[in-house]
Amino acid sequence: MRLSKLRIVYHLHNSFLNRARRAGPSVARYGARTPWLSFIVSLLFLPCVLFAQQTAHPEFKLRDGHPRLMFLDSDFVAARKFIATDPQAQHWHDNLVKQAKEILNEPPATRTLIGPRLLFESRKALVRISLLAALYRIDGNKEYAERARKELLAVSAFTDWHPPHFLDVAEMTNACAIGYDWLYDYLSPKDRQTISSAIINLGLHPALHLLQTHTGFSTLTNNWSQVCNGGISVGALAIADDDPDLSNQILSYCRMAVARPMHTFLAPDGGCIEGPGYWNYANIYTAYYLAALRTALNTDFGFDSSPGLSDGGMFRIQSIGPTGKLFNFADAGENPGIAPEMFYFAKLFNRPIYAQEERNIVANHGDIFDLLWDSQAPHPAQRIEPPLAEMFHGINAAYFRTAWNDRDAIYVGFKGGYNGASHAHLDLGTFVLDALGQRWAFCLGADDYNMPGYFDFKKKRWIYYRLGTLGQNTLVIDNQNQAIAATAPLVAFKSSADASYAVADLTHAYPQADQVRRGVGIFQHGRVLVMDEISLHQPANIVWQMHTRATIDVDGRRAVLHQGGKTLYARILSPAGATFAVTNATAPPPNNPNVGIRKLTVHLHTQGPVRLSILFDIHDSQESMYPQDLEQWVEDSPVK
């Protein structure tokens with residue numbers, strides 16, 4: 001499974017020419033006229049490449065036979081024992097059997113596009129095939145194997161797996177590879193040939209073209225990289241016996257393509273700038289990729305030491321408030337869903353807290369990968385308490401709560417960050433607030449990806465309500481969006497029994513201002529304070545806004561929010577004369593209309609420095625003993 005020396009030179013030669021073409025016409029013409037020169041340059045690099053290969057990655061050998069992707073025969077046997085001895089695993093298994101029996105009567109997937117994507121069918125195939133194939137290996141029920149076989153043959157007969165949106169191809173390749181591998185002993189030679197050919201022709205060949213030409217997903221550093229390189233690599237490992245040369249090329253190219261994003265995606269401490277939704281999406285494919293490499297080749301090329309990967313589970317844990325809802329910044333939804341990779345990472349990094357917390361999230365509704373990976377994960381002898389406050393430096397986000405395992409606990413998620421990130425909204429300074437089992441301040445989350453220009457990050461994306469600054473729990477100055485490429489570092493962070501807070505420098509987001517800073521924190525008795533300090537060039541209209549599903553009664557500087565039979569009080573501490581107002585959050589088509597959503601707002605027209613402080617309390621208290629300015633916060637607990 002190692003590239004030959006001559007092939008490495010050949011690939012370097014092609015890479016040299018491709019990069020020359022992208023560098024400009026004159027360079028490309030020179031390279032085309034003197035191919036011998038590019039070949040010599042490539043040859044000079046060969047010793048470096050060989051040395052790097054030999055020192056970084058020892059020889060590895062493909063495991064004989066099947067299954068060899070993620071789980072071996074012994075792992076399925078262990079899962080069977082786990083089900084017999086663990087009550088939660090028994091619940092998972094019972095529910096999965098019910099789901100499998102329902103699938104038996106459903107028709108196989110069809111090549112049906114929803115919008116510009118085949119992704120729904122690819123994901124449906126992955127769920128069905130992995131579930132049915134795994135239950136066949138655990139329970140021995142051939143009905144499951146036969147239904148999975150029909151699914152595999154159906155998608156193998158598609159004309160293509162929709163390369164224009166390559167996630168569709170990667171996920172379908174992953175699905176078919178898992179089925180081919182786990183059902184290998186059940187499939188006939190003809191079935192194997194059909195499915196293997198589909199993986200090769202509909203999955204690997206389209207991927208190889210993009211990898212060789214350094215185009216498409218091979219250039220990306222966002223979640224697409226883990227999903228596409230991971231899914232395609234799993235496909236290459238599945239058919240490595242059938243086409244060793246192709247498998248070798250795919251694995252080598254994907255390893256190079258995924259190297260940069262693997263080393264930057266969660267660096268340095270596990271936070272994901274694309275939000276908790278895409279943390280989950282990227283990392284389930286990271287887990288598929290690393291697990292398949294380890295079982296098939298007994299190596300993961302050292303990617304397990306990628307910066308932040310081992311700590312990423314804490315980002316998921318902290319992102320979920322006591323209400324069970326995510327701090328869903330960027331294009332994420334409030335529902336945290338399941339994250340089977342948490343069990344894989346618990347095993348890989350010996351972090352039993354990941355398995356502990358994910359079990360609480362999943363409850364009785366785990367999927368097949370939850371079951372299989374949890375059967376291998378370490379479990380703590382007694383509960384491990386996560387920290388009540390945590391900051392993720394790489395993405396400039398902070399999380400605070402008053403207790404764990406208490407639905408009524410107070411929780412705040414707060415972020416600075418970078419507006420230019422993949423899937424970002426113009427939301428620097430936004431926050432969410434949970435208390436009394438209710439989410440009072442919430443993020444609207446994503447809108448319909450099929451809206452025109454949704455992913456036009458230069459212009460059109462920002463006209464949509466949920467994506468622009470009007471749709472965030474932050475400041476709006478002169479009715480303008482924040483700067484598209486703005487960054488907002490957290491400049492203070494503190495975690496203590498009497499006060500936990502963070503301060504974000506939002507100045508870069510507001511060209512109208514000399515300085516804008518926001519501090520958010522939880523203080524004595526669980527009161528939440530949001531303090532903004534704004535210094536302006538000239539007179540401007542400032543709107544402080546918070547989206548909520550609560551009904552709101554406003555009385556000047558006091559607002560009373562009602563939701564789910566609970567009450568939250570808000571008071572303006574400063575400036576004098578400021579009052580609350582309530583506006584709607586409706587948006588015209590094609591936006592989501594945001595039915596039932598209101599905005600609690602404060603409107604100021606001012607010049608010069610102003611401090612806007614708002615206190616949230618579960619009690620109708622008049623206490624006002626809080627820090628008078630953000631400089632105190634920064635001096636007390638600066639971020640270095």
Side-chain angles (χ1 to χ4, degrees), residues 321-323 400-402 408-414 429-443 470 472-477 498-501 516-534 541-586 594 596-606 609-630 632-633:
T323 58
F400 314 98
R401 70 184 76 210
T402 55
D408 288 340
I410 295 169
Y411 167 82
V412 174
F414 171 54
T430 200
F431 69 98
V432 296
L433 169 61
D434 287 359
L436 302 173
Q438 304 293 317
R439 173 145 295 183
W440 301 96
F442 78 102
C443 289
L470 282 175
Q472 317 303 326
N473 298 333
T474 191
L475 299 170
V476 177
I477 299 181
D498 61 340
S500 295
Y501 57 73
V516 181
R517 292 196 296 188
R518 164 167 282 190
V520 178
I522 300 177
F523 290 84
Q524 299 95 331
H525 309 297
R527 298 181 177 96
V528 174
L529 181 63
V530 180
M531 185 187 298
D532 295 304
E533 292 181 346
I534 308 150
N541 292 306
I542 300 170
V543 179
W544 182 103
Q545 55 182 30
M546 183 190 91
H547 292 78
T548 184
R549 297 186 182 94
T551 58
I552 310 171
D553 297 323
V554 167
D555 181 13
R557 298 170 66 81
R558 178 174 174 270
V560 184
L561 289 73
H562 306 279
Q563 185 175 214
K566 303 297 176 63
T567 302
L568 183 71
Y569 300 90
R571 270 192 307 127
I572 300 174
L573 303 183
S574 66
T579 59
F580 282 119
V582 179
T583 60
N584 63 52
T586 57
N594 302 326
I597 298 169
R598 302 165 190 84
K599 282 201 291 189
L600 179 65
T601 61
V602 179
H603 296 253
L604 301 175
H605 181 77
T606 188
V610 62
R611 180 179 301 114
L612 177 55
S613 300
I614 296 177
L615 181 70
F616 295 94
D617 195 349
I618 60 175
H619 305 290
D620 193 10
S621 170
Q622 297 301 310
E623 184 179 347
S624 298
M625 296 297 293
Y626 295 97
Q628 297 301 304
D629 60 65
L630 292 179
Q632 292 181 32
W633 301 21

key: Side chains of Asp434 and Trp440 in contact at under 4.5 Å (non-hydrogen atoms)   = no
query = At what distance, to the nearest 0.5 angstrom, does CD of Gln563 lie from CD of Gln438?
reply = 4.5 Å
request  = For residues Tyr411 and Val432, determine if any side-chain heavy atom of one lies less than 4.5 Å from a side-chain heavy atom of the other.
outcome  = yes
inquiry  = Quick check against the 3.5 Å criterion: does Thr601 have a side-chain atom that pairs as donor or acceptor with the backbone of Gln545?
reply    = no
message = Show the nearest heavy-atom pair for residues Leu604 and Ala578, with the distance to one decimal.
response = CD2-CB, 3.8 Å
ask   = Roughly how far, to the nearest 0.5 Å, is the NE2 atom of His562 from the CG atom of Asp553?
value = 4.0 Å
Over all atoms of both residues, closest heavy-atom pair of Arg611 and Asp629 = NH2-CB, 3.3 Å
inquiry  = Is any side-chain heavy atom of Asp532 closer than 4.5 Å to one of Val516?
reply    = no
task = Identify whether the distance between the nearest side-chain nitrogen and carboxylate oxygen of Arg558 and Asp620 falls below 4.0 Å.
result = yes
ask   = Do the ring planes of His547 and Phe442 sit parallel (below 30°), tilted (30 to 60°) or perpendicular (above 60°)?
value = perpendicular
query = Sub-3.5 Å donor-acceptor pair from the side chain of Glu533 to the main-chain atoms of Pro609, do we have one?
reply = no
query = Can you check whether Phe580 reaches Ile614 side chain to side chain, under 4.5 Å on heavy atoms?
reply = yes
request  = Indicate yes or no: at least one non-hydrogen side-chain atom of Tyr501 is less than 4.5 angstrom from one of Phe414.
outcome  = no
note = Separation between OG1 (Thr548) and CG (Leu600), nearest 0.5 Å, reads 8.0 Å
Student check: side-chain heavy atoms of Leu568 and Ile618 closer than 4.5 Å = yes
task = List the steps and the verdict of side chain to side chain donor-acceptor pair (under 3.5 Å) for His525 and Asp617.
result = CA-CA 9 Å; His525 309 297; Asp617 195 349; over 6 Å; no
key: Rounded distance (nearest 0.5 Å) linking atom OG1 of Thr579 with atom CZ of Arg557   = 8.5 Å
remark   = From the list Val520, Leu433, Leu615, Leu612, side chain to side chain contact (heavy atoms under 4.5 Å, CB included) partner of Val530 resolves to Val520
ask   = Any side-chain heavy atom of Leu561 within less than 4.5 Å of one from Met546?
value = yes
key: Beyond-backbone contact of Asn594 with Thr586, side-chain heavy atoms, under 4.5 angstrom   = no
Check: Gln472 main-chain N/O paired with Thr430 side-chain donor or acceptor under 3.5 Å = no
task = Heavy atoms only: give me the nearest Arg571-Gln622 pair and the separation to one decimal.
result = NH2-C, 3.4 Å
ask   = When rounded to the nearest 0.5 angstrom, what distance separates CG in Leu573 from CE in Met531?
value = 7.5 Å
request  = Any chance you could measure Thr474, atom OG1, to Arg518, atom CZ, to the nearest 0.5 Å?
outcome  = 4.5 Å
